[in-house]
Q: 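I have a structure here, written as structure tokens, and I will follow up with some questions on it.
We count ligands from 1, going down the list as the structure has it; atoms in each ligand are counted the same way. Just so you know, these numbers use all the heavy atoms, side chains as well, and skip hydrogens, waters and symmetry mates. Bear in mind that the values here come from a model prediction, so they are computed numbers and not experimental data.
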Amino acid sequence: MKVDVLLGLQWGDEGKGKVVDVLTPSYSVVTRFQGGPNAGHTLEFEGQKYVLRSVPSGIFQGGKVNIIGNGVVLDPALFKAEVEQLEASGHDLTKRLFISRKAHLILPTHRLLDAAYESAKGSGKIGTTGKGIGPTYTDKISRNGLRVGDIEHNFKEKYDAAIARHKEILSHYDFKYDLESIEKDWLAGIEKLKQYQFIDSEHFINKTLAEGNRILAEGAQGTMLDINFGSYPFVTSSDTICAGACTGLGVAPNKIGDVFGIFKAYCTRVGSGPFPTELNDATGEELRKLGHEFGAVTGRPRRCGWVDLVALKYAVMLNGVTKLIMMKSDVLDGFDTIKACVAYKVNGQETQDFPFDITEGVEPIYTEFDGWKTDMTKMTSENEFPEEFNAYIDFIEQYLGVPIHIISIGPDRDQTIVRSQN
Ligand code: GDP
Ligand code: IMO
Ligand code: MG
């Protein structure tokens, strides 16, 4: 059996959490492979809403095993808060949530370093989520990190050495902090973490496949925030693309099955950085209002614009997407006309190839579609789709060369239409 991968094709918040939850019944194991509590994955069902940050989105469908993989960075304090909230709503995960020993720990000082680096950048700041993601991955790559497995071996010594090193770095910044208060929470988080089973997840995952079970890997962030291919430097610090599932779980490339590429029927971005189809006008406001486009974790307003097929085509190529999933089409239900960016004009030249730098001088070229002006939120079958909606999705499929397998028409688990031919 293989690992199917579900990942975002835009700048995050595409609706990954919702769809992982919907797909989970077909899998034995759901696992996260990169990112950390910078993620906010929202799920809605039976009138309840949950936002998950480090815990995989497969936990609400029966007793499936969920794994936090080796490519993830984990903050014990935030993990504690997250699982305690789940426990309070009747979801005890200790028997079915496993954590890779090789996942790296976000230390309290990583969060401080994130804040210090951002403030030193001034107007050039990335607009990070402030969760210490960049500094933790920096320590991993520079071979200074602490891993979950270290909790079992001489932890205090390694922790003290790392904190001392971080304090020294912080002393070079004009940045005031109070480590004691956050350290207390963090150490309580370590005690909570110890209630969970630490595993050598690469062995567990490969054995699970060899025994004939299916695994779903849940991406965090999105392709355009990828450290290699995203809008650098305005990106996150991990491999958000499909290849990240290989390194973040320890599965070989030939063990990857379907790649579900998920995108909104329009586009959003949080934080700084270029966004060619951004709408700084009443239409952008309308998208934000109708789509409730405010960060699931930070509450920051998300920047909104039309769908960018040039960027999506690039993302489809990088990930080897086999099935597309289009989210939030209901947000466009009332629009008279809808636009899709089909090319960029860069220095007077038209191109469909995503360029090296999109910071300046990129003019989006749009194709315009008639709106469907129909409330689609209660539809149950693709046979009910209006003609204009079909024209929109047919165009996207043709442009990207990949079928749209699922259409999401509302935030609830039930507002999901799986297309029979795709
Ligand atoms: P993720 O980070 O990719 O999991 O996405 P987020 O949870 O950050 O953002 C997606 C938001 O859209 C959440 O508030 C979801 O509840 C909501 N959502 C998901 N699918 C749909 C949909 O089809 N229609 C509408 N209106 N909202 C949706
Ligand atoms: P989900 O999984 C949207 C963005 C931040 C910032 C940049 C770097 O919910 O889709 P970081 O804290 O990672 O160093 O911030 O990446 N970012 C996200 N944007 N959704 C996310 O996650 C994001 N995670 C990080 O806003 O621009
Ligand atoms: Mg999100």
Q: Specify side chain, backbone, both or neither for Arg302, according to which of its non-hydrogen atoms lie closer than 4.0 Å to ligand 1.
A: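 The side chain, only.
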Q: Between His104 and Thr136, do the side chains contain a donor N or O and an acceptor N or O under 3.5 Å apart?
A: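 No, because no side-chain N or O of Thr136 sits under 3.5 Å from a partner of the opposite role on His104.
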Q: Using modelled atom types and a 3.5 Å cut-off, is there a donor and acceptor pairing between side-chain atoms of Thr31 and backbone atoms of Ile67?
A: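 Between the backbone of Ile67 and the side chain of Thr31 there is a qualifying donor-acceptor contact (under 3.5 Å).
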Q: Could you go through residues 8-18 and list every donor-acceptor pair under 3.5 Å that involves a side-chain atom there, pairing it with any protein atom two or more places apart or in another chain?
A:
from	atom 1	to	atom 2	distance (Å)
Gln10	OE1	Lys264	N	2.8
Gln10	NE2	Lys264	O	3.3
Gln10	NE2	Tyr266	O	2.9
Trp11	NE1	Met224	O	3.4
Trp11	NE1	Ser231	OG	3.3
Asp13	OD2	Arg302	NE	3.0
Glu14	OE1	Lys16	NZ	2.8
Glu14	OE2	Leu9	N	3.4
Glu14	OE2	Gln10	N	2.8
Glu14	OE2	Gly12	N	3.1
Lys16	NZ	Gln221	O	2.9
Lys18	NZ	Ser408	OG	2.9
Lys18	NZ	Gly410	O	2.7
Lys18	NZ	Asp412	O	2.9
Lys18	NZ	Gln415	O	2.8
Lys18	NZ	Thr416	OG1	3.1

Q: Between Val321 and Ala315, what is the shortest heavy-atom contact and its length?
A: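 Reported closest heavy-atom pair: CG2-O, 4.4 Å.
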Q: Would you mind checking which non-hydrogen protein atom is closest to atom 27 (N) of ligand 1, with the distance to 0.1 Å?
A: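 Of every protein heavy atom, Lys328 CE, 3.3 Å lies nearest to atom 27 (N) of ligand 1.
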Q: With a 4.0 Å heavy-atom cut-off (strictly under), which part of Thr42 contacts ligand 1: side chain, backbone, both or neither?
A: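 Near ligand 1, Thr42 shows its backbone as well as its side chain.
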Q: List by chain and number: which residues place a heavy atom under 4.0 Å from ligand 2?
A: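 Residues near ligand 2: Trp11, Gly12, Asp13, Lys16, Asn38, Ala39, Gly40, His41, Ile126, Gly127, Thr128, Thr129, Ile133, Ala220, Gln221, Leu225, Val235, Thr236, Val270, Gly271, Arg300.
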Q: Leaving out waters, which are not shown anyway, how many protein N, O or S atoms lie closer than 2.8 Å to the Mg ion (ligand 3)?
A: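 Step by step: take the Mg ion (ligand 3), keep protein N, O, S below 2.8 Å, and you get 2.
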Q: Could you tell me whether Lys64 sits above the aromatic face of Tyr27, with NZ or CZ closer than 6.0 angstrom to the six-membered ring centre and within 45 degrees of the axis?
A: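 No - Lys64 does not lie over the ring of Tyr27 by the 6.0 Å and 45° rule.
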Q: Between Lys18 and ligand 1, which residue portion shows a heavy-atom distance shorter than 4.0 Å: side chain, backbone, both, or neither?
A: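 Only the side chain of Lys18 comes within reach of ligand 1.
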Q: Okay, side chain of Thr374, backbone of Trp372: is any donor-acceptor separation there less than 3.5 Å?
A: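 Yes.
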Q: Side chain, backbone, both or neither: which part of His292 has a heavy atom under 4.0 Å from ligand 1?
A: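 No part of His292 is near ligand 1 at this cut-off.
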Q: For a quick check under 3.5 Å, do Gln61 and Thr24 share a side-chain donor-acceptor pair by atom type?
A: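 Judged by distance alone, the side chains do not pair up.
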Q: Test: salt bridge (charged side-chain N to carboxylate O under 4.0 Å, His left out). Region: residues 117-137. Which pairs qualify, not counting sequence neighbours?
A: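 Of all non-adjacent pairs touching residues 117-137, none passes salt bridge (charged side-chain N to carboxylate O under 4.0 Å, His left out).
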Q: Within the side chain of Thr268, is there an N or O that forms a donor-acceptor pair under 3.5 Å with the backbone of Cys304?
A: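 Such a contact is absent between Thr268 side chain and Cys304 backbone.
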Q: Strictly under 4.0 Å, does any heavy atom of Ala39 approach an atom of ligand 1?
A: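 Not so, Ala39 does not reach ligand 1.
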Q: Going by distance only, is there an N or O of Ser329 that falls short of 3.5 Å from an N or O of ligand 1?
A: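 No; every N/O pair is 3.5 Å or more apart.
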Q: Pick out which of Thr367, Val342, Thr277 makes a side chain to side chain contact (heavy atoms under 4.5 Å, CB included) with Leu309.
A: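 Running side chain to side chain contact (heavy atoms under 4.5 Å, CB included) over Thr367, Val342, Thr277 with Leu309 returns exactly one hit, Val342.
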Q: Which ligand 1 atoms does Met327 reach within 4.0 Å, using its non-hydrogen atoms?
A: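 The list of qualifying atoms is 20 (N).
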Q: Give the atom numbers and elements of ligand 1 that come within less than 4.0 Å of a heavy atom of Glu44.
A: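 That gives atoms 16 (O) of ligand 1.
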Q: Using 30° and 60° as the class boundaries, would you call the ring planes of Trp186 and Tyr159 parallel, tilted or perpendicular?
A: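 Parallel: the ring planes of Trp186 and Tyr159 meet at under 30°.
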Q: Test ring-ring contact (aromatic ring centres under 6.0 Å, His included) on Phe229 and Phe354 and set out the steps.
A: CA-CA 10 Å; Phe229 299 103; Phe354 194 79; over 10 Å; no
Q: Give the C-alpha distance, both sets of side-chain angles, the deciding distance and a yes or no for side-chain hydrogen bond (donor to acceptor under 3.5 Å, both in side chains) between Ser57 and Asp21.
A: CA-CA 6 Å; Ser57 301; Asp21 171 64; over 6 Å; no
Q: With a 4.0 Å heavy-atom cut-off (strictly under), which part of Ile262 contacts ligand 1: side chain, backbone, both or neither?
A: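 It is neither; nothing of Ile262 touches ligand 1.
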Q: Under 4.0 angstrom from ligand 1, any heavy atom of Gly8?
A: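 Distance cut 4.0 Å: Gly8 fails for ligand 1.
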Q: Which atoms of ligand 1 sit under 4.0 Å from any heavy atom of Ile409?
A: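 Going through ligand 1 atom by atom, the ones under 4.0 Å from Ile409 are 23 (O).
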Q: Please evaluate residues Glu82 and Arg53 with respect to the criterion salt bridge (Lys or Arg N to Asp or Glu O under 4.0 Å), reporting the C-alpha separation (whole Å), side-chain torsions for both, the decisive distance (0.1 Å), and the verdict.
A: CA-CA 7 Å; Glu82 185 174 344; Arg53 306 176 73 174; 5.4 Å; no
